[in-house]
Amino acid sequence: MLKEKVVQLLEAQVSIEPDKIMGLLETPPNRELGDVAFPCFILAKQLKKAPAVIAQELANELHDPLFTKVEANGPYLNFFVDRNQYAIQIMEDARAGKLLHSIGEGKPMIVEYSSPNIAKPFTLAHIRSTMIGQALKNIYGTMGYEAIGINHLGDWGTQFGKLISAYLRWGEEEKVVANPIPELLRLYVKFHEEVELHPELNLEDEGRAWFHRLEQGDEEAHRLWQWFVSESLKEFNRMYEKLNVHIDHFWGESYYQNQMDRVFNELKEKDLLVESKGALVVEVSEEIPPCIVLKNDGSTIYATRDIAAAIYRYEKFHPEQILYVVDARQSLHFQQVFGVIEKMGYEWAKQCKHIAFGLMKIEGESMSTRKGKAVLLEDVLDEAISKVKNIIDEKNPDLPNKEQVAEWVGVGAIVFNDLKNYYAHNVNFQWDEALNFDGETGPYVQYTYARMQSVLRKATVEWKEAPLQAHPAFQTPVAWDLLFHLTKYQEAMERAAEKYDPSQVARFVLDLCALFNRYYNQERLLVDDPAEQIAKLQLVDAAARVLKHGLEVLTLRTPEQI
Ligand code: ARG
């Protein structure tokens, strides 16, 4: 905000691009040197003068009511903001939601995320994908892109033929309805056990035959498949609701079935198909193995469907980028897929990006192996919720709406623990750490928001309708640091968008909470003097609005009381 103003002023005086000026601006190491500094070295050549002379000349020219003075200090031009005015402007902007300005110009940005597999449990990799992806979608939406979320469900492939065969042999309808994912998983596991035990049954062939029938549009196969999909989606949707996740399009792998012919025709026309051991492959580069697109039994695979999906998405939306928020273990797969697309001559292959995130473990264990059986995401969420419920029962037994708050904070603990880490890093979820109300956690940031609201509820003055006015209360070092931090929201959000990194927003939120808590601890807010109390509460309100927005971008809910 401040920097934008400085750019505006300088732009009128010097012939440098505004973006370039912006990039050169510095924040002086201490306040005696002003609030923003412009180093004049870059102008020396152009103007054939010493930087210090240029700084002095510019200092004489530049005047603006937002700055009390503009001063040359050697080659630097230092701007001193009028803190009274600036404080009011920051709070006005916070109220009007104008601390952020759009950079996306409405351009489409595709974020593919979550993408669990039908009839399989939601793994920890899927929860990371879901939360990082939703946060990214929120970040791009906030920054003025047309953010489009796609759920690339794993709903196609030979495994569905096997599942149909297993269900018809050993399944019971009521059991699947009562407990869809564990029951379907049990059948799928049993199928593989029986393959080993009874080779004479040729179960693998039976499974393949069912998938073939499914691909041919066979009615029974299709009905069962559809049923597995809808039972699984019921569970996924229940989780999305709890997680505050909203995905625009559920376009699973099956969605691209009718585009396979086009892909093959194109690959053939472009002379890219090579036969290899009965399969068809595309050679991408020397460094990586070729990408199989048609198996020797004539069926398409995961990669083939990804190629079709990418083409479909690009042609439909012409997005700036297509982000694939998927586990780092699939890196080779995406290199192959993007490689094939590039070979097909699509320039936009460069705009496809794999957001390869690290592993997540709970107490050092990965979800699928814990106690030798799959742990369901919902069980982990429920455990978090019940632990938070216990804490509330102990600390604040009379809290209204306890169940709801426990759910929001329990889920928040898991989600924030994930998002505060740079996505490419591995995360280890430790219950004690993630639930600590004093650590850098979800409960801590949500509690800080509730603390702000509690101060506002205890007001003894009418601060809401009172006009924003300059007051010395904004100028104490702790108040000013808090207020000034709000102006950095834009930068944090831009960095997050540029680096595909929600942890930038989490970092901003954590710093905001730390600054607020310092303010809260060092200053008495509910003072007797009405004008002073009004000023202080207006500041709390501005901070609370920004915090709420930041938490919502990270998908966290914001209870008013905890
Ligand atoms: N369903 C896959 C899995 O669970 C993830 C899909 C990732 N997205 C993609 N376009 N391949 O491993």
Side-chain angles (χ1 to χ4, degrees), residues 109-134 136-137 148-160 163 181 184-185 188 225 228-229 232-233 235-236 239-240 245 247-257 259-260 263 282 284 288 291-293 300-317 319 321-342 346 348-349 351-360 366-369 374-377 423 500:
M109 185 80 178
I110 294 182
V111 187
E112 185 222 276
Y113 60 107
S114 196
S115 312
N117 298 321
I118 295 301
K120 294 264 181 69
F122 222 89
T123 63
L124 286 171
H126 295 119
I127 180 174
R128 284 212 85 188
S129 171
T130 306
M131 303 326 297
I132 295 167
Q134 184 66 46
L136 286 174
K137 193 193 141 195
I148 300 157
I150 298 179
N151 193 345
H152 192 73
L153 295 167
D155 63 358
W156 207 247
T158 340
Q159 67 271 34
F160 291 95
L163 193 58
I181 290 176
L184 293 173
L185 182 65
Y188 189 67
W225 170 79
F228 301 152
V229 171
S232 303
L233 280 179
E235 304 235 327
F236 297 156
M239 265 161 335
Y240 291 146
V245 160
I247 312 179
D248 304 301
H249 304 289
F250 282 58
W251 291 339
E253 293 180 39
S254 66
Y255 189 80
Y256 307 98
Q257 259 328 92
Q259 289 154 57
M260 289 306 163
V263 172
V282 177
V284 180
I288 57 174
C291 181
I292 302 176
V293 290
T300 62
I301 64 166
Y302 187 50
T304 333
R305 295 187 281 275
D306 255 323
I307 296 164
I311 295 174
Y312 176 82
R313 293 168 186 177
Y314 189 80
E315 290 182 351
K316 187 170 173 77
F317 296 108
Q321 282 194 292
I322 307 179
L323 305 182
Y324 293 78
V325 187
V326 185
D327 186 345
R329 287 171 297 189
Q330 297 198 27
S331 289
L332 176 60
H333 165 75
F334 285 109
Q335 282 174 36
Q336 292 174 314
V337 169
F338 301 161
V340 172
I341 294 168
E342 202 179 326
Y346 291 119
W348 52 264
Q351 286 149 261
C352 295
K353 180 158 174 76
H354 177 201
I355 306 299
F357 57 79
L359 283 180
M360 178 170 175
S366 52
M367 195 181 251
S368 51
T369 61
V375 173
L376 300 180
L377 168 62
Y423 67 80
Y500 322 103

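Atoms within each ligand, like the ligands themselves, are counted from 1 in listed order.
Considering only residues two or more places apart in sequence or on other chains, Tyr188 meets the side-chain hydrogen bond (donor to acceptor under 3.5 Å, both in side chains) condition with none of them. Residues forming a side-chain hydrogen bond (donor to acceptor under 3.5 Å, both in side chains) with Glu342 (at least two apart in sequence, or on another chain): none.
When only modelled atom types and interatomic distance are considered, His249 and Arg313 share no side-chain donor-acceptor pair under 3.5 Å. Between the side chains of Gln134 and Tyr113, at least one donor N or O sits under 3.5 Å from an acceptor N or O.
Sorted by chain and number, the heavy-atom contacts of ligand 1 below 4.0 Å come from Glu112, Ser115, Asn117, His126, His152, Tyr302, Asp306, Tyr324, Val326, Gln330, His333, Phe334.
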Would you tabulate the side-chain donor-acceptor contacts of residues 325-333 under 3.5 Å, counting partners in other chains and residues two or more places apart, or write 'none'?
unit_1	atom_1	unit_2	atom_2	d
Asp327	OD1	Arg329	N	3.0
Asp327	OD1	Arg329	NE	3.2
Asp327	OD2	Arg329	NE	2.9
Asp327	OD2	Arg329	NH2	2.6
Gln330	OE1	Tyr302	OH	2.6
Ser331	OG	Ala328	O	2.8
His333	NE2	Asp306	OD2	2.7

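A 4.5 Å side-chain heavy-atom check between Phe122 and Glu235 finds every atom pair outside the cut-off.
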